[in-house]
Amino acid sequence: MTVTTASPGIERELSDIVGAANCIVDPGELRTYECDGLTGTRVRPRVVVLPATTEETAAVVRVARRYGLPIVPRGAGTGLSGGALPVAGCIVIGLSRMKRILAIDLENQRMRVQPGVINLDVSRAIAADGYYYAPDPSSQSICSIGGNIAENSGGAHCLKYGFTVNHVVGATIVTAEGEIVELGSAGADPLGYDLMAVLVGSEGLVGIVTEAVVRILRTPEATRTFFATFPSTDEAGACVSGIVAAGIVPAAVEMMDRLAIEAIVKATGVDWPLDVGAALLIDVDGTAAEADHTATRAVEIAQLSGALEVRTPRDARERQLMWKGRKSAFAAVGRISPNYYVQDGVIPRSEIGPVLREIAAAGARAGLRVANVFHAGDGNLHPLVLFDARVEGEEHAAEQVAGEILKICVRHGGSITGEHGVGADKAAYMGEIFNEADLETMNFVRCAFDPAVAFNPGKVFPTPRLCGDRPGTYVAHETEIAGTAGRG
Amino acid sequence: MNEQLRTFDELLSDCVHCGFCLPACPTYKSWGYEADSPRGRIDLMKGLHDGAIEMSDTVVEHFDRCLGCMACVTACPSGVRYDLLIEETRAEVEREHRREPLDAGFRDLVFSLFPRPDRLKLLAPLLYLFRKSGLQKLARDSGAVNLFGKRMAQLDALVPELSLAQLRARLPAFTPARGAKRGSVALVAGCVQRVFFPNVNASTARVLAAEGFDVTVPQGQGCCGALSLHAGRDVEAKAFAAALLDRLWPEDGERFDAIVINAAGCGSTLKEYGQLLRDDPARAARAEAFAASVKDVNEFLAGVEPQAPRSPVPLRVAYHDACHLAHAQGIREAPRALLCSIPGLELLEIPDGDQCCGSAGVYNLLEPDSAAEIGRRKVDNVASVAPQLLASANPGCTLQIRSLLSARGIDLPAAHPIEILDVAIAGRS
């Protein structure tokens, strides 16, 4: 170790709790925690601590509070809204070492896991028994349950099965006071306020989850997948509306536009056609008879909506390849552009066609391309604004377009985030959908758990403020004052 | 900024920090440290490149701890060439970083031994005597091997038992095709393979001949440079590569239908000769042509119609994916197909089979603690499918897995897929 930035007192106390190897103060090592999946802004934390147990986490929080350090919890560091972005002088508490599956109760369809368990590993552990964990963000092979709870993560199959909030029934959390508290219950209808609903999606503001009880489901008897291409996103959008209007609830309906298809083909080698305007990847599931029936109906609707081609995978391997294509889409865009900005917004399903046209126009005005890959079934858009950071001004232009996209979503009756969270990235846009009274009420809830705003300051709320402060003039973040970051 | 630097910069910028590499990385799996993940290491490379951080002991340690298994290259959806990035970074570390004398000395020892089959060959009989004379037992029992540190103890534990017959084995310089001749190939004998696993080379020559190929083993072969290249000793690696190229593919020498190699680590480097020797005007074009004709023996045989009949080998065989075969060369199906062509053989899939075993060239000598932790997971997974035989296409993996299994009291025989095929073709049991 060469230079240390934390004072020796804190370092020693934290090392005593988690061991010196798990208390990180080396400037090089700290650099690797400067951002999560949102890389536009980087802030070096003062110290990073990787606890192994609930008790260690609680002890670390108490030390951090005693020294007055802001606390930023971090899961797998794959979030796209900067939920784990450090603030200057903070301690990052990383949960990457807490990755044990603690108990599996198939009979009652519950599993108790540590927060660092990877989403897909939950399903893998029970797959042979015919069970799975439903929320499946596209990053499910890398994102962790703790992060999923913080962001109320969704995924392709949330159209039918709901978001993380519907699948996490209990949690052990460490509060901002450093206390260990159990929320929720393994039972079906817990008494009292549903604090799980407050915790899930709270983006690290309410507590640090150190254990979670998740609901697991029986794997459907049959899943039918098909892939359909269309001349443009208009026909694809009409197909989605048609399927839902017919009373079918597909397990997943994913849309990709031409640019996204190009990136996926380059990254994964799937043999999708490049000369189409849009493609849908659709799953229907249930009993074999139900899945066959609804798949047939859905294919008919796709053809009536103007599908150019409908493909069904020949076997499980081909089906997996199709889904792999979709799930690696974000990162695959790296093949067609040196940099890109991932946006996340929601619109009513009926607005898909017009909104995509407006987004394309906003991109064109700035001279930038926008790729779209998204959960069409629930209108959760993921526009990817492509740019080259080496070209002067392009990054800024991309941020402008990304911001414009959120405004388009709100104008069409939607929202500024579907599943990636507000984090640091969208705090400034909260005012687009919430008024001051709304924000103040939300702040009361936060302060009931963390009156000193020790947990994840600067996230979610548009202006960093302490409890009791009135919403008022914009207060710049330290990084903004230093000129290293801006909120656009 | 010169061309090389610009290229490195571009390669770095391919990483979008998405994290898809994290669960693929064995060291991240071991410790959960961001700096021991591929994207974390890339972050360190960027930091060094921008001058934001210094090449401290700590930073170098994270590069040293990388196995170079390339599982992240397979996992990366953005196509980041981590293999090239770490290779270049390691070379930079060796150029610019002063290692502690003990560390530097051990590295020099390893590299004065392993890439030199002539010296390894001298070492083998000494080791044989060391063991047979009871000196090894004395050294182990008294703890004397540990006096030289974990690294020496690891070296001692890894080196396999050799029989006198193996020590005397000589690989014929030419083995004629049996039956209808379908072509002629040259065999690269490898260093560790030649000395510690002479049977693998003998089997390779026999199977290729049985399948209708003349097999030439060009004499005077040195190391291919893989071990040096993967440790950042690029000047040494290039010298090895140039010398081997001149032996196997001389200016006006015989041209073979394929250059066949049976060690995964060597194969992946041989295939990179075009890139490695691109700045060598006398060899660049030749290296390109040579690299294009290199085939791993599994790959080569899976690409030709089987000609020799196979007798049954009724065994439960777990196939271990060597990283430099699966991740570096993308060869996964071929060895499985070869094994499945043997009647009666039941092929078992090892859970998390695409994870490294911890051997990784000389990694288990240089980073014994990390290698043991990663190896422990591999051995758990191998044991979980209860095989009767382990098929492994890379000598380093075979040494590592067998040594860890035997430390647990499990005596699992291991063989290269080509040895199993040899048995099936010869009709021996």
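In the text below, chain A, chain B and the rest are named by the order of the sequence lines, each starting its count at 1.
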Review point. In Å and rounded to the nearest 0.5 Å, what is the OH to CZ distance from B/Y33 to A/R97?
Key: 5.5 Å
Point to revise | Gap between atom CG of B/D36 and atom CD of A/E29 - 0.5 Å precision | key: 8.0 Å
**Study point:** Check: B/H17 side chain, A/L38 main-chain N or O, donor-acceptor pair, under 3.5 Å
**Key:** no
Check your understanding: What residues of residues 324-340 of chain B sit under 4.5 Å from chain A when you count only heavy atoms?
Key -> none
Check your understanding: Which one of A/G37, A/A332, A/G116 has the most heavy-atom pairs closer than 4.5 Å to chain B?
Key -> A/A332
Check your understanding: For A/R31, is it the side chain, the backbone, both, or neither that has a heavy atom closer than 4.5 Å to a heavy atom of chain B?
Key -> both
Practice item. Count the heavy atoms belonging to other residues, nucleotides or ligands that lie under 6.0 Å from NZ of A/K324, then report whether that count exceeds 12. Key: no
**Study point:** Atom group of A/K266 that falls short of 4.5 Å from chain B, counting heavy atoms
**Key:** neither
Review point. Measuring heavy-atom distances to chain B, does A/T39 have an atom under 4.5 Å in its side chain, in its backbone, in both, or in neither?
Key: side chain
Review point. Of all of B/D14, B/I42, B/V16, which one pairs up most often with chain A through heavy atoms under 4.5 Å apart?
Key: B/V16
Exercise for review: Would you please name every residue forming a side chain to side chain contact (heavy atoms under 4.5 Å, CB included) with A/I101, sequence neighbours left out?
Suggested key: A/I104, A/M111, A/V113, A/V117, A/A125
Review point. Going by an N to O cut-off under 4.0 Å, is there a salt bridge joining B/D9 and A/R390?
Key: no
Revision key, fill the gap. Under 4.5 Å to a heavy atom of chain A? For B/C15 that would be neither
Point to revise | Pairs touching residues 113-128 of chain A that satisfy salt bridge (Lys or Arg N to Asp or Glu O under 4.0 Å), sequence neighbours left out | key: A/D121-A/R124
Check your understanding: Atom OG1 in A/T32, atom NE2 in B/H62: separation rounded to 0.5 Å?
Key -> 7.5 Å
Check your understanding: Under a 4.5 Å heavy-atom cut-off, does chain B meet the side chain of A/S138, its backbone, both or neither?
Key -> backbone
**Study point:** Nearest non-hydrogen partners of B/L22 and A/A76, listed with the distance
**Key:** CD1-O, 3.5 Å
Review point. Under a 4.5 Å heavy-atom cut-off, does chain B meet the side chain of A/A389, its backbone, both or neither?
Key: neither
Check your understanding: What part of A/Y340 gets closer than 4.5 Å to chain B, counting heavy atoms only: side chain, backbone, both or neither?
Key -> side chain
Check your understanding: What pair of heavy atoms forms the shortest contact from A/D26 to B/S56, and how long is it?
Key -> OD1-OG, 4.3 Å
Check your understanding: Where does A/C143 contact chain B at under 4.5 Å (heavy atoms): side chain, backbone, both or neither?
Key -> neither
Review point. Between A/K99 and B/S30, which heavy-atom pair has the shortest distance, and what is it?
Key: NZ-N, 4.5 Å
Check your understanding: By side chain to side chain contact (heavy atoms under 4.5 Å, CB included), which residues pair with B/E92, not counting sequence neighbours?
Key -> B/M55, B/R95, B/E96
Check your understanding: Shortest non-hydrogen contact from B/P77 to A/R335?
Key -> O-NE, 3.1 Å
Point to revise | For A/S141 against B/F20, the heavy-atom pair lying closest together | key: OG-CE2, 3.8 Å
Review point. Distance-only, no hydrogens or angles: does the A/S96 side chain make a donor-acceptor pair with backbone N or O of B/G32 under 3.5 Å?
Key: yes
**Study point:** Gap separating the OG atom of B/S78 from the CD1 atom of A/I336, nearest 0.5 angstrom
**Key:** 11.0 Å
**Study point:** B/R39, part contacting chain A, at a heavy-atom distance under 4.5 Å
**Key:** side chain
Practice item. Indicate yes or no: at least one non-hydrogen side-chain atom of A/R42 is less than 4.5 angstrom from one of B/D43. Key: yes
Review point. Counting only heavy atoms not in B/R408, do more than 12 fall under 6.0 Å of its CZ?
Key: yes
